[in-house]
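Treat the numbers as computed from the prediction; the structure is a model and nothing was measured. Residue numbering restarts at 1 for every chain, and letters A, B, ... go by the order of the sequence lines.
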Protein chains: 2
Amino acid sequence: MSGVSEGLDVLLAKASMQDHDQVLKYLYGKILQKLKFPDEANQLAEKEGFELSGYKFEATPEQLRRPRIVRVAGIQNQIVEATDAPVASQRDAIHQRVGTMIEAAALAGANIICLQEAWTMPFAFCTRERLPWTEFAETVDGVTTQFLKKLAVKHGIVIVSPILERDDNDEVIWNTAVVISHTGNVIGKTRKNHIPRVGDFNESTYYMESEIGHPVFETAFGRIGINICYGRHHPQNWLMFALNGAEIIFNPSATVDGLSEALWPIEARNAAIANHVFTVAINRVGTEVFPNEFTSGNGKPAHRDFGHFYGSSYITGPDGSRTPSISRVKEGVIIGELDLNLNRQTKDSWGFKMTQRLALYGEKFTQAAKPGYKQQIIRET
Amino acid sequence: MSGVSEGLDVLLAKASMQDHDQVLKYLYGKILQKLKFPDEANQLAEKEGFELSGYKFEATPEQLRRPRIVRVAGIQNQIVEATDAPVASQRDAIHQRVGTMIEAAALAGANIICLQEAWTMPFAFCTRERLPWTEFAETVDGVTTQFLKKLAVKHGIVIVSPILERDDNDEVIWNTAVVISHTGNVIGKTRKNHIPRVGDFNESTYYMESEIGHPVFETAFGRIGINICYGRHHPQNWLMFALNGAEIIFNPSATVDGLSEALWPIEARNAAIANHVFTVAINRVGTEVFPNEFTSGNGKPAHRDFGHFYGSSYITGPDGSRTPSISRVKEGVIIGELDLNLNRQTKDSWGFKMTQRLALYGEKFTQAAKPGYKQQIIRET
């Protein structure tokens with residue numbers, strides 16, 4: 001990836017600074033202890049050429065609750081084959097690659113693994129073309145879920161699988177995440193609540209906003225929500241997952257440099273803080289080149305790539321502490337060992353739930369959403 | 001302030017790095033151009049020993065709207081006299097000191113100046129004592145407003161003055177911000193919507209949550225909202241100010257290290273991003289020592305100071321770009337030259353307002369706030 005910057009953490013690690021630890025504390029709230037993984041996990045990652053990094057979020061011991069330790073993983077991957085290869089071949093190659101990364105995450109002790117948005121395919125929504133891209137859409141019980149079920153059972157892990165979904169009934173296409181239990185059963189699905197119409201992200205030409213709400217999935221390892229991609233820009237979306245009981249909210253994404261990179265470290269972290277939950281921000285990585293030129297209607301020449309997906313996946317705790325980002329240029333697995341007791345400890349300390357005046361905002365938003373809403377503006381008289 | 005760290009920006013400025021500019025771009029989204037001020041302004045700041053820094057936020061030229069340039073300032077100050085000095089003397093000394101800082105901000109071209117939370121007094125809410133602290137409370141038209149009105153007229157500036165308010169009717173105490181027009185008239189007041197009960201921040205023993213909503217003030221230089229201190233932890237609070245038309249939202253605060261510093265750079269910045277507005281985060285600076293010991297009920301010994309107020313005021317644009325922080329240890333004025341056209345340009349590009357599904361969240365929050373709300377939880381069957 002020559003020419004692509006390696007990212008903030010690499011630059012800071014190379015810098016000569018008087019007080020490196022203090023800089024990291026300012027940036028990340030705390031210096032989280034790095035996790036050590038079995039040799040087998042590290043060797044697999046090294047052999048296959050992806051990053052494997054992990055950090056520990058600790059809570060204070062309590063008298064009446066035992067620590068509730070869970071290891072979560074986010075996986076950021078590139079596509080494997082060229083985008084003009086046969087659809088099944090592209091998909092199966094990604095399956096194999098990500099299957100190896102899931103293997104490494106499981107060897108590193110992960111209990112819940114979340115993949116990136118639309119992980120089985122190139123992020124072709126920039127093209128506005130239908131075929132062959134809509135052929136990547138699958139039903140919730142399609143080949144991808146069948147592939148992952150085996151891994152879930154083999155390792156006793158929960159897998160969150162964000163796919164392009166073609167539903168069983170109307171054959172409508174959705175942007176969906178399937179949650180697969182450690183038993184191999186599908187617990188359920190959730191869909192993207194907010195859809196972008198930004199630059200090359202012509203996604204509203206492919207699917208519409210979810211109408212199935214903000215489901216939270218009770219897994220063997222904790223209650224999880226999935227806020228897909230552009231939903232991270234909407235604080236209300238995160239809040240609803242928390243109100244429904246989520247302890248960990250995953251944000252499987254696909255976003256490129258020059259667009260969102262100033263926002264990326266802020267939004268998922270703010271959501272963890274505001275809602276007393278853990279968040280896992282996962283972004284696709286690499287550059288994808290498409291067979292046909294497309295434009296963004298922004299005056300720039302037609303092009304065949306979408307820009308660089310900058311990876312940089314990271315995990316944040318409810319106290320605002322966060323991990324560094326994993327690679328900006330290559331594939332990787334980010335692992336967090338979370339003590340879920342930290343959520344309630346932070347909640348009891350900061351008290352944002354107690355002080356949030358939810359009924360007031362429910363009423364105000366309902367008023368503000370109506371046509372003819374009169375803004376509360378005060379003028380000099 | 002020996003022993004107190006000077007903060008992230010000072011450490012980074014001293015570091016030897018391969019690509020300093022790239023690090024700043026990752027951290028702050030853009031490298032904003034520094035403003036140059038008249039000698040008179042710089043000399044005043046230097047003579048009086050406070051920082052004066054400013055940055056420019058630019059927008060793309062439009063055909064039908066001229067640039068809407070406004071300079072805003074946030075002022076972070078220490079108390080001047082010891083906390084056992086007579087109340088009037090403490091207050092008047094702060095008036096004089098901040099009056100000088102307002103002078104410098106006006107010389108630097110500021111149109112709207114916002115002071116820190118409860119700026120006329122030590123932040124005594126940690127003590128739980130009534131007298132003499134409640135004597136700092138004033139009516140909206142009290143001595144502080146009279147003092148500021150003259151400065152507003154003299155410089156033709158808008159001043160936002162967060163005070164401890166004693167209201168005219170029931171003599172209830174509130175945490176209030178008074179908005180003074182460039183004409184010297186009071187445009188109106190707003191009050192703190194969310195009140196902390198965190199550690200030494202025993203503020204709910206002094207005042208209650210505002211019941212006057214989320215007013216936005218139409219000034220000669222733009223529409224402003226004021227989200228006082230702990231209200232920054234509540235994304236819904238920021239959103240209501242934006243829904244009421246705010247273009248700039250000030251966050252006058254008082255917060256200390258060891259508590260909120262991991263959250264400080266995130267929340268006001270996220271609010272600017274999520275709402276397509278400018279935000280100005282202003283924090284008190286210095287350490288305040290009180291006559292009598294107090295405790296936080298946290299097992300630590302009784303103490304007479306609240307910790308270090310870490311300053312670090314900063315400004316964020318709607319595109320997520322932000323200024324560095326001003327000093328972590330000394331007083332200062334942060335100035336931003338804003339082109340308010342950037343708000344709508346960012347709104348039209350990202351479209352968060354278009355995609356926010358406000359009616360949905362109004363309904364959901366109303367449901368979730370009711371006793372017996374049933375969470376949307378999906379379990380393996």
Exercise. Any chance the side chains of A:Asn175 and A:Tyr207 put a donor and an acceptor closer than 3.5 Å?
Worked result: yes
Exercise. Aromatic rings A:Tyr310 and A:Trp264: how do their planes relate, parallel, tilted or perpendicular, breaks at 30° and 60°?
Worked result: perpendicular
Exercise. Does a donor on one side chain and an acceptor on the other come within less than 3.5 Å for B:His194 and B:Glu209?
Worked result: no
For this session: Spell out, as yes or no, whether a donor-acceptor pair under 3.5 Å connects the side chain of B:Asn244 to the backbone of B:Val216.
Result: no
For this session: Using distance alone, with no hydrogens and no angle criterion, decide if B:His233 and B:Glu267 have a side-chain donor and acceptor under 3.5 Å apart.
Result: yes
Exercise. Between A:Ser260 and A:Thr255, does any side-chain donor sit less than 3.5 Å from a side-chain acceptor?
Worked result: yes
Exercise. Side chain, backbone, both or neither: which part of A:Ile273 has a heavy atom under 4.5 Å from chain B?
Worked result: side chain
Seminar exercise, completed: Applying a strict 4.5 Å limit to non-hydrogen atoms, the region of A:Leu259 in contact with chain B is both
Problem set entry | Atom pair CD1 (B:Ile31) and NZ (B:Lys25), whose distance is rounded to the nearest 0.5 Å | 5.5 Å
For this session: Examine whether an atom of B:Tyr373 lies under 4.5 Å from a heavy atom of chain A, and if so say whether it belongs to the side chain, the backbone or both; otherwise answer neither.
Result: side chain
Problem set entry | Distance-only side-chain donor-acceptor flag, A:Glu380 / B:Ser181, under 3.5 Å | yes
For this session: Please state whether the side chain, the backbone, both or neither of B:Asn193 comes within less than 4.5 Å of a heavy atom of chain A.
Result: both
Exercise. Would a line drawn from the ring center of B:Phe217 to the ring center of B:Phe241 be shorter than 6.0 Å?
Worked result: no
Problem set entry | For chain A, the option from B:Gly188, B:Ala15, B:Ser16, B:Pro265 that forms the most heavy-atom pairs under 4.5 Å | B:Ser16
Problem set entry | Proximity of residues 219-226 of chain A to chain B, residues having a non-hydrogen atom under 4.5 angstrom | A:Arg223
For this session: Just give me the residue among B:Thr190, B:Leu263, B:Asn185 that pairs up with chain A most often, heavy atom to heavy atom, under 4.5 Å.
Result: B:Leu263
For this session: Select, from B:Thr381, B:Leu239, B:Ile195, B:Asn275, the one with the greatest count of heavy-atom pairs under 4.5 Å involving chain A.
Result: B:Leu239
Seminar exercise, completed: Interface check, chain B: of A:Pro235, A:Gly320, A:Gly29, most non-hydrogen pairs under 4.5 Å belong to A:Pro235
Exercise. Taking atom types as modelled, is there a side-chain donor on A:Tyr28 or A:Asp9 under 3.5 Å from an acceptor on the other?
Worked result: yes
Exercise. Has the side chain of B:Asn270 got a donor or acceptor atom that lies under 3.5 Å from a matching backbone atom of B:Ile266?
Worked result: no
Exercise. B:Pro215 versus chain A, heavy atoms under 4.5 Å apart: side chain, backbone, both or neither?
Worked result: both
Seminar exercise, completed: Counting heavy-atom pairs under 4.5 angstrom with chain B, the leader among A:Lys374, A:Met354, A:His214, A:Lys364 is A:His214
Problem set entry | A:Gln236 (side chain) donor-acceptor with B:Tyr361 (main chain) under 3.5 angstrom | no
Problem set entry | A:Asn237, part contacting chain B, at a heavy-atom distance under 4.5 Å | both
Exercise. So what's closer than 4.5 Å to chain A heavy atoms on B:Glu261: side chain, backbone, both or neither?
Worked result: side chain
Exercise. Using non-hydrogen atoms only, which part of B:Arg232 is less than 4.5 Å away from chain A: side chain, backbone, both, or neither?
Worked result: neither
Exercise. Out of B:Thr366, B:Ile377, B:Asp19, which one racks up the most heavy-atom pairs below 4.5 Å with chain A?
Worked result: B:Ile377
For this session: Give a yes-or-no answer on whether the side chains of B:Ser5 and A:Tyr26 include a donor-acceptor pair shorter than 3.5 Å.
Result: yes
Problem set entry | Contact leader toward chain A among B:Ser210, B:Gly199, B:Ser204, where contacts are heavy-atom pairs under 4.5 Å | B:Ser210
Seminar exercise, completed: Bottom line for A:His234: the part with an atom under 4.5 Å from chain B's heavy atoms is side chain
Seminar exercise, completed: Interatomic distance, CG@B:Leu32 vs CZ@B:Arg322, rounded to 0.5 Å, equals 10.0 Å
Seminar exercise, completed: Counting heavy-atom pairs under 4.5 angstrom with chain A, the leader among B:Leu360, B:Leu12, B:Asp319, B:Val23 is B:Val23
